[in-house]
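Accompanying notes for the structure given below.
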Amino acid sequence: MAIKAIRGFKDILPEEACSRVRLEETARQVFALCGIDEIRTPVLEKTEVFKRGIGEHTDIVEKEMYTFQDRNGESLTLRPEATAGIIRAVVEHKLHGTAPLLKLFTMGPMFRHERPQKGRLRQFHQVNVEYLGSSEPPADAEIIWLAWEIVTRLAGSEDLLVEINSLGCEKCRPVHRKELMLYLENNQQDLCEDCRRRMKVNPLRIFDCKNEECRRNLILAPVMKHYLCPDCASHLGMVLDILEAYGVPFVQNPYLVRGLDYYVRTTFEITSRKLGAQSTVAAGGRYDGLVKLMGGPDIPGVGMAVGVERLLLLMGEAESRKGIDLFIAALGREPRDEAYYWIGYLRRHGISVEFSFADKSLKAQMKQADKSGARYCLIFGENELDSERAILRDMKTKEQEEIDLDDLPEALVDRISNQSAGE
RNA sequence: GUGGGCGUAGCUCAGUUGGUUAGAGCGUCGGGUUGUGGCCCCGGAGGCCGAGGGUUCAAAUCCCUCCGCUCACCCCA
């Protein structure tokens, strides 16, 4: 049996690669609109980076990381998300000292050992943005706008839902948490098994429960919204106002929670009903304490991630492969030897050229020309060699003309460049 | 980690109550045109029927085990 790729790791075949390039280019265009710089960090980090950055007791760290011993015994981990590594790099290179506000983006593979399903792979890709150095609401709003802009440019806005919440800060969050725990303990008996487990690990997660009975029992549970301190409340209000101005449609969801420990205040999620169970296409939020936690100065941050595979699912089929300019069908030894000079010349001048590596029949070469999507086909055999004129065929109109061999490559460059300029 | 569904040609899939040499469409290669592509016609190549075991005179078909894919739980981008 031939060797297959490992579970949850997918080959990206040419057709899909094409869509990915389109996605990445669109993201770059949007990032340029906001003056965001690219950063690329290693896919492998010391395990400590993620333990600290994501939180020891998250599912990601506890059971989803690809962690192994390096040859020297050090524990290394394939990155399950991008933020922790970027902050490690920022702190390591003291980038925060180079500008008052860092706007960084990155794109690349992430790794989590989960059971694969629709929209969930073990190696998956994200487009990430991190703003470091601003605690102001416009930063949060710009991050959300970025996610919205990228997703809608590629997939339209149909069936999308932007949900926003505030998780509060270290001042007001504990108060809510305490009240919530009290409520949950008093109502434990009515909660499902999962929720009772969640109570201990991440009580806010209980609001995600799909169990009808749990939902009913949570209607009266204290929600963060009512516990926000004045600063957090006004922060959230301003973020929402700015989004309004930007024209991003959103709803507030007081139950929206993030899975990673580091989020404070603003948190958001963009979901699509077209995606199935893994419906989040982009998400993010504010993480003011994280840089300090990672050993850097106490600077605030806010960021987001777009799930590339999920966005791909929402994008239409890729545009068909673009054809080349010219196919050269050279027949026989001498004509082929001559053609190599032309091919070199044409390519140097920006004309895309293909030809058959084997000296096949004209018919076979014409078929290949057709498949290559060539705009023109140059036919050149013994007859043309004798008459010193090659035949240029327009593959769409089927019109053919003869071109003198003397200045043939120059004439072709001329012809094809003008043609494409006129289109 | 736990469930459900599905594994037949490169792809999408037929395959009768178990019965002879396992089929179609698409794709691919060649021919019809000894030098002209697409459309059409004709032909070829391509299968350990996911793997292993069992039942049977006989298994793609029935049973068991394993593996893989997939969807969902969980979790999250």
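First the proteins, then the strands, lettered A, B, ... as listed; each starts at 1. All values derive from a computational prediction rather than experimental measurement.
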Whole-Å gap separating [atom2] ([N]) and [atom1] ([X]):
| X | N | atom1 | atom2 | value |
| --- | --- | --- | --- | --- |
| A:Q368 | B:G38 | CD | P | 14 Å |
| A:D11 | B:C69 | CG | P | 12 Å |
| A:L121 | B:G68 | CG | P | 16 Å |
| A:K371 | B:G37 | NZ | C1' | 9 Å |
| A:K367 | B:C40 | NZ | P | 12 Å |
| A:K363 | B:G31 | NZ | P | 7 Å |
| A:L313 | B:C76 | CG | P | 20 Å |
| A:D59 | B:C76 | CG | C1' | 9 Å |

[atom1] atoms of [N] and [M], separation to the nearest Å:
| N | M | atom1 | answer |
| --- | --- | --- | --- |
| B:G25 | B:U21 | P | 23 Å |
| B:C63 | B:U56 | P | 16 Å |
| B:C74 | B:C11 | P | 34 Å |
| B:G46 | B:G30 | C1' | 14 Å |
| B:U12 | B:U28 | C1' | 16 Å |
| B:A22 | B:C66 | C1' | 26 Å |
| B:U8 | B:C39 | P | 28 Å |

Assess whether one donor atom and one acceptor atom, taken from the side chain of [X] and the base of [N], lie less than 3.5 Å apart.
| X | N | value |
| --- | --- | --- |
| A:R7 | B:C69 | no |
| A:E384 | B:G35 | yes |
| A:R115 | B:C71 | no |
| A:R120 | B:C71 | no |
| A:K398 | B:G38 | yes |
| A:Q117 | B:C76 | no |

Would you say [Y] and [X] are linked by a side-chain donor-acceptor pair, where the criterion is simply a distance under 3.5 Å?
| X | Y | value |
| --- | --- | --- |
| A:Q365 | A:S356 | no |
| A:S279 | A:T271 | no |
| A:E130 | A:Y287 | yes |

Identified pairing partner of [N], criterion: Watson-Crick or G-U wobble below 3.5 Å:
| N | answer |
| --- | --- |
| B:G68 | B:C6 |
| B:G30 | B:C42 |
| B:U61 | none |
| B:U20 | none |

Base, sugar-phosphate alone, or nothing: which one does [X] contact when heavy atoms must sit under 4.0 Å apart?
| X | value |
| --- | --- |
| A:E382 | base |
| A:Q400 | base |
| A:A369 | nothing |
| A:G119 | base |
| A:K118 | sugar-phosphate |
| A:V281 | sugar-phosphate |
| A:L311 | nothing |
| A:N383 | base |

task = Would you please classify the geometry between the A:F355 ring and the A:Y340 ring as parallel, tilted or perpendicular, with 30° and 60° separating the classes?
result = perpendicular
key: Candidates A:I391, A:V353, A:L412 - the one meeting side chain to side chain contact (heavy atoms under 4.5 Å, CB included) with A:L378   = A:L412
key: Partner of A:E309 under side-chain hydrogen bond (donor to acceptor under 3.5 Å, both in side chains), chosen from A:R120, A:K10, A:Q123, A:R20   = A:R20
ask   = Is there a donor-acceptor contact under 3.5 Å from the side chain of A:R393 to the main chain of A:Y376?
value = no
